[in-house]
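From a predicted model like this one, the values you see are computed outputs, not experimental measurements. Index from 1, following the sequence. Counting starts at 1 for both ligands and their atoms, following the listed order.
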Amino acid sequence: MDALIRELSAVVGDKVCLWGEGVDWAPYATERRGLFLGRPLAVVEPAATAEVAEVVRLCAAARVAMVPQGGNTGLCGGAIPDASGSQVVITLRRMQRIRALDAANDTMTVEAGCLLARVKEAAAGAGRLFALDLASEGSCQIGGNVATNAGGNWVLRYGTMAAQLLGVEAVLPDGRIYNGLRTVRKDNTGYRLDDLFVGSEGTLGLITACTLRLHPLPTVRRTACVVVRDLEAAVALLGLVRAALGDVLAVFEVMDAVAVHLVHRHMGVTLPFEPGFAWLVLLEAWGHDAALEEAFAQILYRAMAEDLVQDAVLAESGAQHEALWALRENISEAERLEGASIKHDPAVPRSALPGYVRAVRAALDDFLPGCTLCVFGHLGDGNLHVNVFPPPGVAAGRGLWEAVNQIVYDLAVSHGGSFSAEHGVGALRRAALMRHKDATALELMRQIKRTLDPHNLMNPGKVL
Ligand SMILES: Cc1cc2nc3c(=O)[nH]c(=O)nc-3n(C[C@H](O)[C@H](O)[C@H](O)COP(=O)(O)OP(=O)(O)OC[C@H]3O[C@@H](n4cnc5c(N)ncnc54)[C@H](O)[C@@H]3O)c2cc1C
């Protein structure tokens with residue numbers, strides 16, 4: 001292996017080819033929730049696509065496995081090497097250039113290591129919106145967003161990362177460079193190969209750059225937080241607002257009382273309503289017409305008159321907007337401070353959500369009496385986080401995780417949904433993929449993997 005390390009160092013430079021004793025591997029080898037702890041052979045940080053290609057060629061020739069890593073904010077162990085000390089982590093954090101921004105064409109081309117927050121800032125600087133919003137935006141990279149098909153808070157209006165993507169440049173597992181960077185919206189010249197990399201979780205190659213679709217920046221934004229009795233009312237409210245105002249809702253997030261009280265207790269965030277509520281909904285309407293402000297307020301009054309909404313707060317200032325968002329954005333951290341929980345990110349059709357959550361609650365009351373559910377998330381997308389705190393005195397060990405996962409996943413699938421709508425499969429959910437994915441789809445996935453990566457060198461042990 002010494003020869004390979006020497007060759008890799010020669011490509012990227014000594015300082016950014018980390019190996020040997022004394023290196024602090026933790027930032028590259030620890031999953032943020034501590035579920036996976038690896039040990040790489042080396043960490044390599046190329047600065048250009050040609051360097052990535054050369055690094056991959058060298059590893060492939062030596063039959064050494066590679067693990068693409070972005071911001072390492074993923075939540076299923078996909079970017080973590082195994083513990084064998086034989087895998088090379090390739091991180092793109094030195095590839096952060098914005099190669100082009102064409103405001104007239106509403107497109108930009110960025111290198112994969114660009115932080116999501118930076119992509120959004122650059123777009124906003126040109127008077128455009130890059131429509132992806134994750135709480136991890138200060139750490140996650142656009143390449144990681146493509147590789148996980150990230151979702152977040154604005155999917156209801158703009159779709160997931162897949163919908164923001166026009167093309168990718170990627171280094172294939174043998175070192176060839178695929179160049180799909182194009183800034184046209186229509187191109188019917190054969191298979192849309194770029195889509196193979198969406199949700200590929202580093203198993204088909206390293207995404208080195210991508211071309212992104214931009215949107216007009218909304219000029220009117222209204223934020224409200226409302227109390228609803230139950231999820232049925234929340235789903236009905238969504239229908240009412242969309243029917244009345246059209247496609248203006250960018251955000252429709254629900255939080256149950258458990259989630260909101262955790263944020264209040266652990267993060268000191270002020271409650272906008274007296275305790276006693278069951279669910280809150282955070283909604284945002286975006287548009288370009290000042291009349292939207294009044295129309296948004298009116299539809300909330302109507303929802304109150306129709307008894308869909310019990311109480312409501314409309315943000316009247318930037319500070320109020322921030323205070324309402326603090327409730328939503330701090331849930332994960334508040335959960336962490338509360339203690340270990342078993343986390344899930346299923347999706348079912350919106351219409352099936354209330355029944356799904358009721359079924360999960362009933363099944364878990366039966367299986368794990370005394371457990372606490374913390375339910376929140378992107379109701380507009382049918383995607384909720386259903387997190388389970390075991391009863392006091394019961395450890396959230398691996399066996400319990402798997403049993404609880406199975407209940408939550410099986411019910412998601414039987415309600416017509418997906419066991420993972422956001423975080424993906426990684427190393428954590430391979431068994432669930434085998435259990436729930438259509439057999440033909442699995443076989444096609446394996447065939448694609450074998451075709452591109454016949455020696456299984458690109459992120460082995462992940463997804464398949
Ligand atoms: C606080 C917090 C909030 C979050 N909120 C959301 C949310 O709302 N919605 C959501 O969808 N996710 C969310 N996530 C999960 C995570 O941020 C996303 O999955 C994100 O897209 C991962 O990007 P990353 O750069 O950190 O990728 P990493 O974690 O580094 O990698 C994730 C996977 O992508 C692969 N990969 C990374 N970069 C590349 C590349 N250049 N080429 C090929 N493969 C690559 C890795 O091998 C790995 O399999 C959240 C995470 C945190 C910590």
Quick one: does K462 get within less than 4.0 Å of ligand 1, heavy atoms only?
no
G205 to ligand 1, any heavy atom closer than 4.0 Å
yes
Between [X] and [Y], a side-chain donor and acceptor under 3.5 Å:
X: N459; Y: E201; value: no
X: K449; Y: T451; value: no
X: Y409; Y: R429; value: yes
X: T160; Y: N149; value: yes
X: H344; Y: N387; value: no
X: H436; Y: D410; value: yes

In the protein, what heavy atom is nearest to [atom], and what distance, to one decimal place, separates them?
atom: atom 27 (O) of ligand 1; answer: G144 CA, 3.7 Å
atom: atom 42 (N) of ligand 1; answer: I207 N, 2.9 Å
atom: atom 12 (N) of ligand 1; answer: H423 CD2, 4.0 Å
atom: atom 33 (C) of ligand 1; answer: T148 CG2, 3.7 Å
atom: atom 36 (N) of ligand 1; answer: A147 CB, 3.7 Å
atom: atom 2 (C) of ligand 1; answer: S136 CB, 3.8 Å
atom: atom 29 (O) of ligand 1; answer: G74 N, 2.7 Å
atom: atom 15 (C) of ligand 1; answer: T73 O, 3.7 Å

If we ignore hydrogens and angles and just use 3.5 Å, is the side chain of Q69 paired with the main-chain N or O of A79 as donor and acceptor?
yes
Is there a donor-acceptor pair under 3.5 Å between the side chain of E51 and the backbone N or O of A47?
yes
Counting from 1, what ligand 1 atoms have a heavy atom of [X] closer than 4.0 Å?
X: N459; result: 47 (O), 49 (O)
X: G202; result: 35 (C), 43 (C), 44 (N), 47 (O)
X: L134; result: 7 (C), 8 (O), 9 (N), 10 (C)
X: G71; result: 24 (P), 25 (O), 26 (O), 27 (O), 30 (O)
X: C140; result: 23 (O), 24 (P), 25 (O), 26 (O)

Does K120 have more than 12 heavy atoms from other residues, nucleotides or ligands lying within 6.0 Å of its NZ?
yes
Of the backbone atoms (N, CA, C, O) and the side-chain heavy atoms from C-beta on, which set of N145 has a member under 4.0 Å from an atom of ligand 1: side chain, backbone, both, or neither?
both
Answer with side chain, backbone, both or neither: which part of M161 has a heavy atom less than 4.0 angstrom from an atom of ligand 1?
neither
H266 and H261: aromatic ring centres closer than 6.0 Å?
no
